[in-house]
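These notes are about the structure you will find just below.
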Amino acid sequence: MSWLQVLLLLILAYTLIAVYIRDRGLFSDRIMFFGPIMAIKTERVGFFDWFQKFRRLLRAYATLGVVMVVVVSAFMTLALILAIPQFLVHTPEPTGIYDPRNILAIPGVNQAIPITAAVFIGLLLTIVVHEFGHAILARVEDMRVRSMGLLIAVIPIGAFVEPDEEDVEAAKGMPKIRMFGAGITNNIVVGLACFGLMFLLMGMATPLSVPLVQGVYKDFPAADVGLQGYSVITGINGVPVTSQEEVSAFMDGTRPGETVTLTAEKDGVERTYTLTLAEWPEALASDRDSGFMGVYYYNAPLVKEHLGNVADLGLLAPLYLTIAPIDAFIQGNTQQLAILLADTPEQVAWKEPFPFFWGTVHLAFWLGWFNLLVGMFNAIPIVPLDGGYIMKEGVERFFDRLGWSRYAHRVVASISGFVTMMLILLITMPMMVAAVRFIMTVS
């Protein structure tokens with residue numbers, strides 16, 4: 001049974017169960033429906049009270065987190081302000097990361113986010129980390145938590161907690177700010193820790209010199225006989241080979257025009273190809289007189305070196321990882337970082353230090369990626385995002401001290417509206433420019 005058939009059966013089973021529960025009114029105090037999404041909640045949230053034992057430590061953690069959130073909020077706002085003029089001058093085409101379907105981080109819709117267990121687990125845990133941050137600090141600041149629960153659409157897709165609205169409204173100043181900032185703080189801390197774990201894991205992996213053909217050069221022997229990318233060369237003229245060095249040593253004894261029989265394996269199927277070798281192109285090696293197949297190999301040591309260089313970026317490494325691998329994944333450039341995102345043929349060129357190694361790496365990457373993206377986005381000073389509520393509380397307290405309380409609402413609305421407009425422009429500008437160009441072309 002294929003994964004698609006399994007998915008269809010899960011959707012069918014979920015639909016039947018959800019319709020039955022809804023129509024019969026079963027568990028109406030525990031289960032609610034929002035369209036196709038089922039929310040299962042419980043009011044047994046007493047375990048959050050346990051964290052009150054660490055009130056001083058958690059308040060210190062949350063206070064430092066508020067400082068971090070303010071810095072991230074300022075950074076995101078500044079990035080939006082600087083990006084708009086650049087987009088006005090050089091508006092990108094609505095393709096790649098600017099494709100409308102890639103705006104939202106929806107697995108299977110966003111081209112950069114595959115449908116894998118690591119992706120769904122990472123997304124679910126990210127939401128849990130965020131929501132539990134709010135709930136824990138709510139109890140630390142003596143705000144009640146009424147309920148918590150899961151959001152399910154065939155599989156769990158999110159989580160939520162419900163602090164008491166009256167308690168939240170009654171709270172003022174830093175207690176309220178710490179509660180709003182706790183989710184973002186947790187996301188950023190967990191995101192950085194996951195990326196650190198990912199670098200540590202990749203440092204444990206050993207690159208191998210497997211003759212894995214990453215691609216072939218057009219109009220050269222390997223391409224002419226149909227040798228496919230990500231095939232592993234297993235033999236030449238009946239002589240087994242296990243490394244790129246062995247292939248190179250054999251090829252050094254050949255000459256252009258010579259015929260060789262190449263054995264290669266892909267997806268568990270071994271095929272034999274007969275190639276008439278060509279001369280080396282000047283762009284690659286003008287001084288070599290051996291025969292040329294027209295292939296290039298996956299270079300695992302180079303990938304590990306590149307990952308080391310990324311790690312050396314320090315605090316800039318997480319920002320790089322949130323952008324570069326995703327763009328590389330969309331553009332199909334798998335030479336460097338796509339191995340971190342999902343199962344790829346390149347894994348055959350690495351020695352795994354323990355079972356389920358790549359699943360752990362992928363989970364560390366996606367958990368780090370989702371946490372950082374969710375944390376950074378929520379820090380934007382837009383109501384109803386957490387960053388917006390923090391900005392609102394800060395402005396109101398500041399203006400209250402100056403005796404200008406009546407102006408606070410206008411200032412909050414102005415800041416929130418201004419940043420919202422910049423964000424909308426940044427998202428829609430490529431599509432608007434493409435539409436204008438299309439209209440001009442048609443007319």
Side-chain angles (χ1 to χ4, degrees), residues 202-312 324-325 327-352 358:
M202 289 304 298
M204 298 167 60
T206 303
L208 304 174
S209 186
V210 173
L212 174 63
V213 176
Q214 187 177 28
V216 297
Y217 292 102
K218 186 179 179 180
D219 298 328
F220 280 94
D224 292 341
V225 299
L227 180 65
Q228 299 178 4
Y230 295 106
S231 298
V232 178
I233 298 176
T234 57
I236 305 178
N237 287 352
V239 179
V241 292
T242 59
S243 69
Q244 296 177 23
E245 290 76 16
E246 290 181 359
V247 176
S248 297
F250 185 96
M251 293 301 298
D252 285 341
T254 63
R255 292 294 179 268
E258 186 176 332
T259 299
V260 299
T261 301
L262 188 73
T263 305
E265 180 183 328
K266 181 176 182 180
D267 299 331
V269 179
E270 194 170 69
R271 295 181 175 87
T272 300
Y273 305 88
T274 301
L275 294 77
T276 300
L277 302 179
E279 296 183 358
W280 277 81
E282 292 187 7
L284 296 177
S286 59
D287 58 342
R288 298 189 65 169
D289 57 2
S290 60
F292 180 61
M293 290 191 293
V295 304
Y296 55 93
Y297 301 104
Y298 174 75
N299 192 332
L302 182 63
V303 172
K304 187 160 187 176
E305 180 183 348
H306 179 67
L307 287 171
N309 293 334
V310 173
D312 290 340
D327 192 39
F329 189 88
I330 293 173
Q331 301 303 330
N333 177 15
T334 55
Q335 174 67 22
Q336 301 297 343
L337 297 176
I339 195 171
L340 305 176
L341 279 67
D343 288 333
T344 63
E346 293 100 324
Q347 290 169 199
V348 72
W350 295 81
K351 182 180 179 181
E352 303 177 19
W358 289 111

So, taking the atom named [atom1] in [X] and the one named [atom2] in [Y], what distance separates them when rounded to the nearest 0.5 Å?
{"X": "Leu284", "Y": "Phe220", "atom1": "CG", "atom2": "CZ", "value": "7.0 Å"}
{"X": "Arg255", "Y": "Leu277", "atom1": "CZ", "atom2": "CG", "value": "11.0 Å"}
{"X": "Glu352", "Y": "Met204", "atom1": "CD", "atom2": "CE", "value": "11.5 Å"}
{"X": "Tyr273", "Y": "Leu262", "atom1": "OH", "atom2": "CG", "value": "8.5 Å"}
{"X": "Met251", "Y": "Arg288", "atom1": "CE", "atom2": "CZ", "value": "9.0 Å"}

> side-chain contact (heavy atoms from CB on, under 4.5 Å) between Ile339 and Trp358: does it pass, once the steps are laid out?
Replying inline: CA-CA 9 Å; Ile339 195 171; Trp358 289 111; 3.5 Å; yes
Could you check whether any side-chain heavy atom of [X] comes within less than 4.5 Å of a side-chain heavy atom of [Y], counting everything from C-beta outward?
{"X": "Ile233", "Y": "Met293", "result": "yes"}
{"X": "Val225", "Y": "Thr274", "result": "no"}
{"X": "Tyr298", "Y": "Val303", "result": "yes"}
{"X": "Thr261", "Y": "Ile236", "result": "no"}
{"X": "Val210", "Y": "Val232", "result": "yes"}
{"X": "His306", "Y": "Leu337", "result": "yes"}
{"X": "Tyr297", "Y": "Val213", "result": "yes"}

> Do Thr263 and Glu270 pass the side chain to side chain donor-acceptor pair (under 3.5 Å) test, and can you show the C-alpha distance, the side-chain angles, and the key distance before you say yes or no?
Replying inline: CA-CA 7 Å; Thr263 305; Glu270 194 170 69; 5.6 Å; no
Do side-chain atoms of [X] reach the backbone of [Y] as a donor and acceptor pair under 3.5 angstrom?
{"X": "Glu246", "Y": "Thr242", "result": "yes"}
{"X": "Thr254", "Y": "Gly291", "result": "yes"}
{"X": "Lys266", "Y": "Gly229", "result": "yes"}
{"X": "Asn237", "Y": "Val260", "result": "no"}
{"X": "Lys304", "Y": "Gly203", "result": "yes"}

Can you give me the closest heavy-atom contact between [X] and [Y], atom names plus distance?
{"X": "Leu208", "Y": "Val348", "result": "CD1-O, 4.2 Å"}
{"X": "Leu307", "Y": "Met202", "result": "CD1-CE, 3.6 Å"}
{"X": "Leu212", "Y": "Ala349", "result": "CD2-CB, 4.5 Å"}
{"X": "Thr234", "Y": "Ala264", "result": "OG1-N, 4.0 Å"}
{"X": "Ala205", "Y": "Trp350", "result": "CB-CE3, 3.7 Å"}
{"X": "Gly257", "Y": "Thr276", "result": "O-CG2, 3.7 Å"}

> Parallel, tilted or perpendicular for Tyr217 and Phe292, by the 30°/60° rule?
Replying inline: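 Tilted, since the angle between the ring planes falls between 30° and 60°.
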> For Ser290 and Trp280, does a side-chain donor sit closer than 3.5 Å to a side-chain acceptor?
Replying inline: yes
> Taking atom types as modelled and ignoring hydrogens, do the side chains of Glu265 and Ser231 form a donor-acceptor contact shorter than 3.5 angstrom?
Replying inline: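 No, Ser231 and Glu265 have no side-chain donor paired with an acceptor closer than 3.5 Å.
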> Is it the case that more than 12 heavy atoms not belonging to Glu279 sit under 6.0 Å from its CD atom?
Replying inline: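 Counting other residues, nucleotides and ligands, CD of Glu279 stays at 12 neighbours or fewer.
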